[in-house]
Student: 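Dumping the structure here so I can ask a few things about it.
The residues of the chain are indexed from 1 along the displayed sequence.
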Amino acid sequence: MQHFDSDYMEGAHPLILERLIRTNMEKTPGYGTDEYCETARRKIREACGCPEAEVHFLVGGTQTNATLITAMLRPYEGVVSAATGHINMHEAGAVEAGGHKVLALPAHEGKLDAEEVDRYVTSFYEDPSWDHMVAPGMVYISHPTEYGTLYTLTELEALSAVCRKHHIPLFLDGARLGYGLAAHGTDVTLEAIASLCDVFYIGGTKVGTLFGEAVVIPRPGLIRQLDTIVKQRGVLLAKGRLLGLQFDTLFTDGLYVEIARHAIKMADRIVACLEEKGYTFYVRPQSNQLFVVLENQRLEALSENVSLGVWEKPDAGHTVVRIATSWATREEDVDELLSLL
């Protein structure tokens with residue numbers, strides 16, 4: 001059985017496993033105060049062009065989203081998200097469980113439109129009863145989005161300008177950020193993200209680590225005592241060096257983007273073959289997540305040999321499936337998938 005369901009199905013990059021084994025018996029301070037975490041922070045700051053940035057290591061994407069959103073919002077505020085956003089669709093109400101409403105706006109191939117966000121926030125405060133409603137306290141985006149699409153630099157600049165106009169933070173979910181940075185033709189860089197976003201994170205779970213995300217706050221002091229809040233939420237890892245060591249490895253010699261490029265290369269092969277065979281893409285492929293429209297009978301037959309992510313049903317006879325490549329996707333697995341398709 002072939003598995004192209006998602007990009008976190010494999011373990012970790014061999015270099016990370018080697019370092020974990022090599023350092024296994026070392027004794028280090030806990031909770032991210034060890035030398036490996038410090039080295040990783042320094043390398044991430046350099047990569048982002050933010051020498052003063054705060055860098056915090058958390059264990060997973062949902063935990064990171066819920067913790068940061070709770071930390072940044074006042075009790076009467078909610079978070080603006082695309083309707084298809086991960087926090088709105090696939091996190092089991094983790095944000096709402098923390099006491100904050102997700103304020104969903106229309107998604108445009110997974111993305112928010114800056115003008116629509118501006119109109120929403122402006123019209124909210126034009127309502128005479130605004131103080132009886134959940135206020136838009138921040139904006140959440142992901143890059144790549146849940147549909148594998150990418151913001152352009154112009155789009156990101158526009159969203160950043162709207163957030164600064166209304167004095168609310170812009171938060172970028174970077175669970176798959178490596179694949180966005182490695183994608184063809186993108187003009188969005190780590191440095192650009194750091195200059196335009198108030199908080200973002202660099203995903204490891206889906207891009208080479210066993211687990212873990214690196215939160216970057218370019219301008220320190222935005223969130224007071226974040227480590228304390230992380231502890232309260234139950235996501236402060238006692239053996240923090242396991243996170244620091246993994247990110248230290250990823251940010252040595254450009255490994256993070258290098259392994260992400262492999263996923264893009266594998267996705268390119270799949271796209272070229274499917275286009276040649278006349279398959280229909282639900283959205284234009286831009287990164288490592290490919291969304292293909294299949295007839296239900298075709299999907300049922302394929303399911304005997306390959307596992308794909310079932311996404312949505314545009315009509316009674318068809319299903320949109322996700323094909324996801326990763327840093328670890330093998331050439332021979334792609335060959336087998338393409339033979340099945």
Side-chain angles (χ1 to χ4, degrees), residues 6-13 16 20 31-32 34 36-45 47-48 50 53-72 79 85-87 90-92 94-95 98 138 140-146 169-182 190 193-194 197-218 222-223 226-227 229-251 255-257 259-260 263 287-288 326-327:
S6 192
D7 39 20
Y8 52 77
M9 303 193 75
E10 297 91 357
H13 192 277
I16 287 176
L20 288 170
Y31 304 109
D34 60 277
Y36 297 112
C37 286
E38 285 305 312
T39 302
R41 289 185 183 103
R42 176 178 56 79
K43 291 179 179 179
I44 289 171
R45 290 181 185 119
C48 295
C50 289
E54 292 181 34
V55 179
H56 302 263
F57 300 108
L58 275 72
V59 295
T62 296
Q63 298 94 323
T64 300
N65 288 336
T67 299
L68 290 173
I69 289 168
T70 297
M72 283 189 280
V79 52
H86 204 264
I87 61 170
H90 294 119
E91 292 190 347
V95 172
M138 64 184 295
Y140 163 95
I141 60 173
S142 57
H143 182 82
T145 70
E146 284 64 44
L170 176 60
F171 168 40
L172 185 145
D173 173 337
R176 294 183 167 92
L177 184 54
Y179 303 124
L181 297 173
L190 263 181
I193 291 170
C197 296
D198 298 284
V199 184
F200 66 96
Y201 66 94
I202 299 166
T205 302
K206 296 179 174 70
V207 195
T209 66
L210 285 170
F211 56 92
E213 326 297 321
V215 174
V216 181
I217 304 175
L222 177 67
I223 305 173
L226 179 56
D227 285 338
I229 298 169
V230 171
K231 178 84 169 183
Q232 283 187 335
R233 303 285 295 188
V235 289
L236 182 61
L237 192 65
K239 296 182 181 180
R241 69 110 174 273
L242 299 179
L243 291 166
L245 190 146
Q246 293 184 84
F247 278 95
D248 181 36
T249 305
L250 285 182
F251 278 81
L255 181 64
Y256 186 65
V257 176
I259 64 175
S287 58
N288 71 312
S326 81
W327 61 273

Student: Would you name the heavy atoms of A194 and C48 that are closest together and state the gap between them?
Tutor: CB-O, 3.6 Å

Student: So how far is it from R233 CZ to T67 OG1, rounded to the nearest 0.5 Å?
Tutor: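 It is 5.0 Å, given to the nearest 0.5 Å.
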
Student: Drop me the distance from K239's NZ to D34's CG, to the nearest 0.5 angstrom.
Tutor: 12.5 Å

Student: Would you name the heavy atoms of P144 and R176 that are closest together and state the gap between them?
Tutor: CD-O, 3.0 Å

Student: To the nearest 0.5 Å, tell me how far T145 OG1 sits from D173 CG.
Tutor: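 Result: 10.5 Å between the selected atoms.
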
Student: Could you tell me whether the side chain of L190 reaches within less than 4.5 Å of the side chain of L181, counting heavy atoms only?
Tutor: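 A side-chain contact exists here, since the closest heavy-atom pair is under 4.5 Å.
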
Student: Flag the pair F211 / L243 as yes when at least one side-chain heavy-atom distance between them is below 4.5 Å, and no otherwise.
Tutor: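 Side-chain contact under 4.5 Å: yes.
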
Student: Are side-chain heavy atoms of K43 and T39 found at a separation under 4.5 Å?
Tutor: yes

Student: Rounded to the nearest 0.5 Å, what separation is found between the CD1 atom of I69 and the CD1 atom of I87?
Tutor: 4.0 Å

Student: Would the distance check show the side chain of Y179 and the main-chain N or O of K206 forming a donor-acceptor pair, the cut-off being under 3.5 Å?
Tutor: yes

Student: Identify, with sequence neighbours excluded, every residue that meets side chain to side chain donor-acceptor pair (under 3.5 Å) alongside S6.
Tutor: R322

Student: Looking at V216 and A53, what are the two nearest heavy atoms and their distance?
Tutor: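 Looks like CG1-CB, 4.0 Å.
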
Student: Closer than 3.5 angstrom, by distance alone: can the side chain of Y8 be matched with the main-chain N or O of T209 as a donor-acceptor pair?
Tutor: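 Checking the backbone N and O of T209 against the side chain of Y8, no donor-acceptor pair under 3.5 Å is found.
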
Student: Do the side chains of F247 and C37 get nearer than 4.5 Å, heavy atoms only?
Tutor: no

Student: Do the non-hydrogen side-chain atoms of V215 and V230 ever get within less than 4.5 Å of each other?
Tutor: no

Student: Listed by chain and number, what are the side-chain contact (heavy atoms from CB on, under 4.5 Å) partners of E54, not counting sequence neighbours?
Tutor: H56, I217, P220

Student: Taking V55's backbone N and O only, do any of them form a donor-acceptor pair with R41's side chain (distance below 3.5 Å, no angle check)?
Tutor: yes

Student: Do L58 and L68 have side-chain heavy atoms sitting under 4.5 Å apart?
Tutor: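 No, every pair of side-chain atoms sits at 4.5 Å or beyond.
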
Student: Check L255 against T249 and note the closest heavy-atom contact, atom names and distance.
Tutor: CD2-O, 3.7 Å

Student: Please tell me if the side chains of N65 and Y140 come closer than 4.5 Å, counting only heavy atoms from C-beta onward.
Tutor: yes

Student: For T205 and G60, which heavy atoms make the closest approach, and how far apart are they?
Tutor: OG1-CA, 4.4 Å

Student: Which residues pass the side-chain contact (heavy atoms from CB on, under 4.5 Å) test with P169, not counting sequence neighbours?
Tutor: M72, M138, D198

Student: Looking only at heavy atoms, what is the nearest atom pair of P218 and C197, with distance?
Tutor: CG-O, 3.6 Å

Student: Decide yes or no for I44 and F57: does some side-chain heavy atom of the first lie under 4.5 Å from some side-chain heavy atom of the second?
Tutor: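 In short, these two side chains touch, coming nearer than 4.5 Å.
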
Student: Tell me whether the rings of H13 and W327 are parallel (<30°), tilted (30 to 60°) or perpendicular (>60°).
Tutor: tilted

